There are 2 protein chains.
Amino acid sequence: MEKNITHETNNNLQTLVETNDFIRQLSIDCVIFGFHNKSLKVLMLKYFNLDIWALPGGFIFRDENVDDAAYRLLYERTHLDEIFLEQFYTFGNKNRTESDIHNRLTKNKEIDLPKDHWLFERHISIGYYALIDYTLSSTFPDAFSEKCEWFDVHNLPKEIAFDHREIIEKGMEFLRKNLDYKIYGSNLLPEKFTMKELQNLYECILGEPLRRNNFQRKMLSLDFLERLEKKFDGSANKAPYYYKFKK
Amino acid sequence: MEKNITHETNNNLQTLVETNDFIRQLSIDCVIFGFHNKSLKVLMLKYFNLDIWALPGGFIFRDENVDDAAYRLLYERTHLDEIFLEQFYTFGNKNRTESDIHNRLTKNKEIDLPKDHWLFERHISIGYYALIDYTLSSTFPDAFSEKCEWFDVHNLPKEIAFDHREIIEKGMEFLRKNLDYKIYGSNLLPEKFTMKELQNLYECILGEPLRRNNFQRKMLSLDFLERLEKKFDGSANKAPYYYKFKK
DNA sequence: GCAAAAGTGTTCTCTGTACACCCATGC
DNA sequence: GCATGGGTGTACAGAGAACACTTTTGC
């Protein structure tokens with residue numbers, strides 16, 4: 001998805017919470033998937049001075065397309081653009097953000113906000129998911145957090161903010177549908193990859209083993225792979241071909 | 001979907017626009033599908049004194065679950081509950097509600113609102129779709145509209161408010177996916193129906209003819225139909241069975 | 001040559017499709 | 001009986017699953 005980045009989030013929390021440019025009670029949360037070492041990973045942020053992890057997300061400027069906002073937030077966390085990014089669901093339970101996390105956080109940062117500050121209001125969140133190349137990514141914390149980390153989707157941190165665990169779950173569910181089309185458009189794998197690596201990716205997402213030979217035939221029949229040179233890595237077996245996605 | 005109706009929209013426009021109980025800049029639009037005479041229909045509302053039609057929709061109370069709000073809005077337009085209702089997409093282009101419709105409308109109702117009234121703000125809208133039994137439905141206009149009417153999805157009114165045409169389109173697209181599961185949970189058909197009627201419904205939604213005999217086999221194999229007595233309507237041919245959905 | 005892993009062939013099953021045939025109904 | 005439309009049988013094609021076999025690689 002190619003979008004226009006028309007805005008920029010202020011990375012200083014004090015300044016951020018003082019702005020009045022955001023749509024109230026509405027936010028975006030991004031499930032950013034990466035793939036590494038046979039495991040599917042999700043990028044999460046650790047809140048400043050708290051042992052709580054959250055999805056990268058943020059707010060929408062009053063004069064900004066929602067898709068553009070999602071794209072901007074992804075860019076701010078990864079500095080990547082031209083990335084596969086799709087909206088999948090909007091989370092609107094009234095108590096989903098009932099929590100003192102933001103309160104504790106701002107206190108940790110020694111920022112004093114009135115009880116009725118917009119940050120503490122109930123928020124409805126639009127969920128997006130992105131598929132990016134783990135090996136290319138640097139990651140950048142936002143104004144609320146002290147660091148970013150990748151987590152295996154089957155080994156998420158113990159304490160997760162708000163309903164973000166549910167959002168990840170629903171994002172996974174969504175990802176599994178129409179997987180071929182999404183993998184094809186995605187950036188989960190490096191430019192060149194072997195059939196084995198592609199199979200590992202599928203197995204991770206689907207959560208079940210696939211048969212090597214049938215998988216190969218299936219992928220080739222989808223007609224989106226281009227066969228490249230062989231990969232010689234010194235191992236004592238037949239060298240696999242590299243593949244890349246057709247343009 | 002069984003939900004709690006915890007709130008009520010005021011049906012008087014003057015009172016409605018004076019309330020401050022809604023989440024700002026956020027709305028819900030419902031694509032309510034019905035089925036009648038071999039055609040798939042969508043419920044639309046005609047704005048008061050304007051030749052503009054819109055989807056039934058409304059706003060979310062600050063202390064109301066979004067799903068409950070959608071359910072409430074459906075109930076207010078149809079007085080039906082226990083209805084198949086699902087969120088499908090959130091529409092967030094910044095200019096989607098740039099229009100003087102609300103302005104003209106309130107003028108028609110002789111309601112004077114300041115230019116910065118919340119009604120005129122940009123709105124992001126969460127799309128839901130419902131599948132209801134046309135034959136059971138009465139319909140009730142809301143505070144903005146003077147009447148409700150069903151439109152064939154292939155013959156929508158000429159002038160449609162905002163991006164509601166696009167919302168209907170996307171709702172249709174969504175409906176076509178996983179159709180079996182949705183039809184099963186739906187209320188599009190009356191309690192008892194013939195295989196022919198079910199086939200007509202499928203053909204309408206998919207937009208293509210299906211083979212009578214293969215369709216019958218497919219439906220029976222899905223194992224969600226219960227065969228009832230035969231339908232004798234006086235026509236000179238073999239009487240079809242009635243079916244109903246299994247519990 | 002040998003083990004390991006990649007690539008290809010073959011068979012079987014199941015689903016979906018196209019065609020045919022039989023059955024009930026009211027006149 | 002006969003036209004009409006509903007219900008079922010069957011044969012064929014394609015996709016997917018399970019199996020076997022061949023090929024390539026470094027030691």
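We name chains A, B, ... by the order of the sequence lines, and we start the count at 1 in each one. Treat the numbers as computed from the prediction; the structure is a model and nothing was measured.
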Single hit among V42(A), I160(A), L45(A) for side chain to side chain contact (heavy atoms under 4.5 Å, CB included) with L55(A):
V42(A)

Mind calculating the distance between CG (L220(B)) and P (dT15(C)) to the nearest angstrom?
14 Å

Counting only side-chain nitrogens and oxygens, does K230(B) get under 4.0 Å of the OP1 or OP2 atom of dG6(D)?
no

Can a donor-acceptor pair be found between the side chains of N4(B) and T6(B) at a distance below 3.5 Å?
no

From dG7(D), dG16(C), dT17(C), pick the nucleotide closest to the side chain of K218(B)?
dG16(C)

Atom CZ of R212(A) and atom C1' of dA5(C): how far apart are they, to the nearest Å?
7 Å

Respond yes when some side-chain nitrogen or oxygen of R211(A) is under 4.0 Å from OP1 or OP2 of dA18(D), and no when none is.
yes

Pick the closest DNA chain C nucleotide for N237(A) and for S235(B) by heavy atoms, then say which residue is nearer the 5' end.
N237(A)

What is the distance from CE of M219(A) to C1' of dG16(D), rounded to the nearest Å?
12 Å

Please report, rounded to the nearest Å, how far the C1' atom of dG16(D) is from the CD atom of E208(A).
13 Å

Side-chain donor-acceptor pair present, S39(B), N37(B), cut-off under 3.5 Å:
no

Atom NZ of K231(A) and atom C1' of dA5(C) are separated, to the nearest Å, by 12 Å

Nearest whole Å is fine: how far is dG16(D) P from L179(A) CG?
14 Å

Proximity to the side chain of K238(A) - top-ranked nucleotide from dG7(D), dT25(C), dG7(C):
dG7(C)

Can you tell me how the ring of F174(B) sits relative to the ring of F88(B), calling it parallel under 30°, perpendicular over 60° and tilted otherwise?
tilted

Between Y202(A) and F215(A) (judged by ring centroids, cut-off 6.0 Å), do the two rings come close enough to count as a pair?
yes

Quickly work out the Y242(B) OH to dG7(D) C1' distance and round it to whole Å.
18 Å

Separation of dA11(D) P from N214(B) CG (nearest whole Å)
15 Å

For the side chain of N213(B), counting heavy atoms from C-beta on, which of dG6(D), dA6(C), dA20(C) is nearest?
dA20(C)

Nearest to the side chain of R217(B), which nucleotide is it out of dG9(C), dA18(C), dA20(C)?
dA18(C)

OP1, OP2 of dG6(D) versus side-chain N and O of Q216(B): anything below 4.0 Å?
no

